[in-house]
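For reference, the structure discussed in these notes is given below.
All ligand and atom numbering here is 1-based and tracks the order in the structure.
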Amino acid sequence: MNNQSLLERSLAAVWHPCTQMKLHETMPLVPIRRGEGPWLEDFEGRRILDAISSWWVNLFGHANPRINAALRDQLEQLDHVMLAGFTHMPVVELSEKLSALTGHELGHCFYASDGASAVEIALKMSFHFWHNSGRPEKTRFLSLTGSYHGETLGALAVTDVALFRDVYAPLLRTADRVPSPDWRHAAPGESPRDAALVAAVALEAHLAAHHAETAAFIVEPLVQCATGMAMYDAEYLRRAHALCEHYGVHLIADEIAVGFGRTGSFFACEQAGIMPNFLCLSKGISGGTLPLSVVLTTDAVYAAFYDDSTARGFLHSHSYTGNALACRAALATLTIFGEDDVINANRSTAAQLNERAAALAADPRVRHFRNTGMIWAFDVSTDDPLFARRFHQAAMEHSLLLRPIGNTVYFMPPYVIGSDEIELLVAGTQTALDDVLP
Ligand SMILES: *Cc1c(COP(=O)(O)O)cnc(C)c1O
């Protein structure tokens with residue numbers, strides 16, 4: 001196998017995600033033979049730094065020896081068993097550990113295999129909770145402008161990305177929207193906290209008028225990743241939590257992208273000191289090895305389904321719900337968090353990257369340079385509609401995997417990124433900017 005023949009076979013047989021396939025007439029696919037640590041390698045031995053953690057899933061590098069050893073051990077014991085009517089050690093241990101990480105406030109774990117399914121589960125559970133509680137009129141959902149919660153029809157209904165949503169609009173029961181607390185919306189002289197307070201006022205107005213028919217408010221805590229790494233002050237989450245509680249509306253925290261240490265705390269909600277009614281996790285949960293997602297919820301929600309009537313139960317399922325291998329990968333991921341004191345180690349990695357990126361942040365072409373935990377982003381002043389594509393290709397020339405969202409360039413590196421790789425990332429980004437915007 002070589003690069004070229006893999007490309008040809010892929011284009012003939014594989015329909016790639018989030019892609020206009022015709023684009024590959026001019027922009028080649030990137031063939032990958034192997035991965036190791038933060039690096040990907042093609043068939044000719046060319047290495048690329050995976051500076052976006054393969055769509056934000058990879059925390060501890062590719063082919064991580066500890067996760068791989070756990071998977072090998074699990075493979076010898078149990079690959080998979082249906083979770084309806086059956087149970088196994090990895091799913092029980094993982095549920096206990098995740099619940100402990102919420103201080104046992106969210107003590108019930110419901111599993112699926114991808115993020116969008118976790119979102120659908122949280123939405124269905126919230127609605128069904130109200131239905132079982134004698135409030136069947138609570139059928140509406142609320143989300144933020146610029147929200148992204150996945151692309152199945154239910155998740156798309158709470159997603160605010162026109163390009164992904166508009167063509168399917170006739171199929172969707174689109175959610176209500178309130179303004180994002182994105183700190184870039186702050187007026188001159190206002191702080192990020194001021195922007196959060198302004199958005200919270202709009203949320204309160206909406207809930208005051210519509211709480212009776214609203215089941216849940218779904219948010220991406222601290223960073224709205226997919227629509228360009230919009231970052232916001234934790235005060236918004238505190239207000240949203242209090243308002244939802246006051247108006248009897250569930251709060252769903254979609255931590256699919258921001259959980260597992262990405263924002264600097266294990267869960268992003270910790271920085272606001274709040275606990276949602278539903279917590280959705282996926283992406284980093286298995287360290288980037290296997291698909292897995294989970295929704296955690298409270299005793300109160302669980303109790304509303306617990307009954308002699310089958311129909312009052314939550315009858316949702318997926319074939320691979322609670323897959324033993326994926327749960328074992330997640331357990332190995334949690335073990336690494338403990339063994340390597342990852343949250344603290346990330347603090348010094350982030351400080352190092354910020355120091356190295358100071359000149360980039362001050363570059364006149366760079367606007368709103370921002371950082372939350374292990375996420376960095378900046379907006380580039382350019383009218384070039386092809387900027388994202390051109391920057392991606394220029395970065396690849398410098399051995400860097402970066403995929404801007406519109407005019408926003410972001411870094412979401414695996415936590416194992418080292419000093420030399422930070423140097424390459426920042427220097428390569430500056431050179432790629434020079435290439436694209438001379
Ligand atoms: C990626 C993502 C999803 C969807 O997860 P998939 O596994 O791609 O379905 C949902 N919410 C957020 C915040 C995400 O970043």
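In terms of protein heavy-atom proximity, atom 7 (O) of ligand 1 is nearest to Gly115 N, 2.8 Å. Of the protein's non-hydrogen atoms, the one nearest atom 2 (C) of ligand 1 is Lys283 NZ, 2.6 Å.
Here's the thing with Ile256: none of its N/O atoms is less than 3.5 angstrom from an N/O atom of ligand 1. For ligand 1, the polar-atom distance check finds an N/O of Asp254 within less than 3.5 Å of one of the ligand's N/O atoms. Looking at Ala116 next to ligand 1, an N or O pair under 3.5 Å apart turns up.
Between Phe337 and Leu59, some side-chain heavy-atom pair lies under the 4.5 Å cut-off. Side-chain contact between Met412 and Met229: present, with at least one pair of heavy atoms (C-beta onward) separated by less than 4.5 Å. With a 4.5 Å cut-off on side-chain heavy atoms, Leu197 and Tyr236 do not count as touching.
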Practice item. Could you go through the side-chain hydrogen bond (donor to acceptor under 3.5 Å, both in side chains) check for His210 and Asp176 one step at a time? Key: CA-CA 10 Å; His210 300 289; Asp176 299 319; 5.7 Å; no

Point to revise | Verdict with supporting geometry, Phe305 and Phe129, ring-ring contact (aromatic ring centres under 6.0 Å, His included) | key: CA-CA 7 Å; Phe305 292 80; Phe129 167 91; 7.2 Å; no

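Less than 4.0 angstrom separates some heavy atom of Glu220 from each of these atoms of ligand 1: 13 (C). Against a heavy-atom cut-off of under 4.0 Å, Gly150 is close to the following atoms of ligand 1: 4 (C), 10 (C). Of all atoms in ligand 1, numbered sequentially from 1 with element shown, those under 4.0 Å from a heavy atom of Ala257 are 15 (O).
Judged by distance alone, the side chains of Thr263 and Gln271 do bring a donor and an acceptor atom under 3.5 Å apart. Residues Arg47 and Ser399 have side chains that never bring a donor and an acceptor to within less than 3.5 angstrom of each other.
For Trp56, the closest heavy-atom approach to ligand 1 falls below 4.0 Å.
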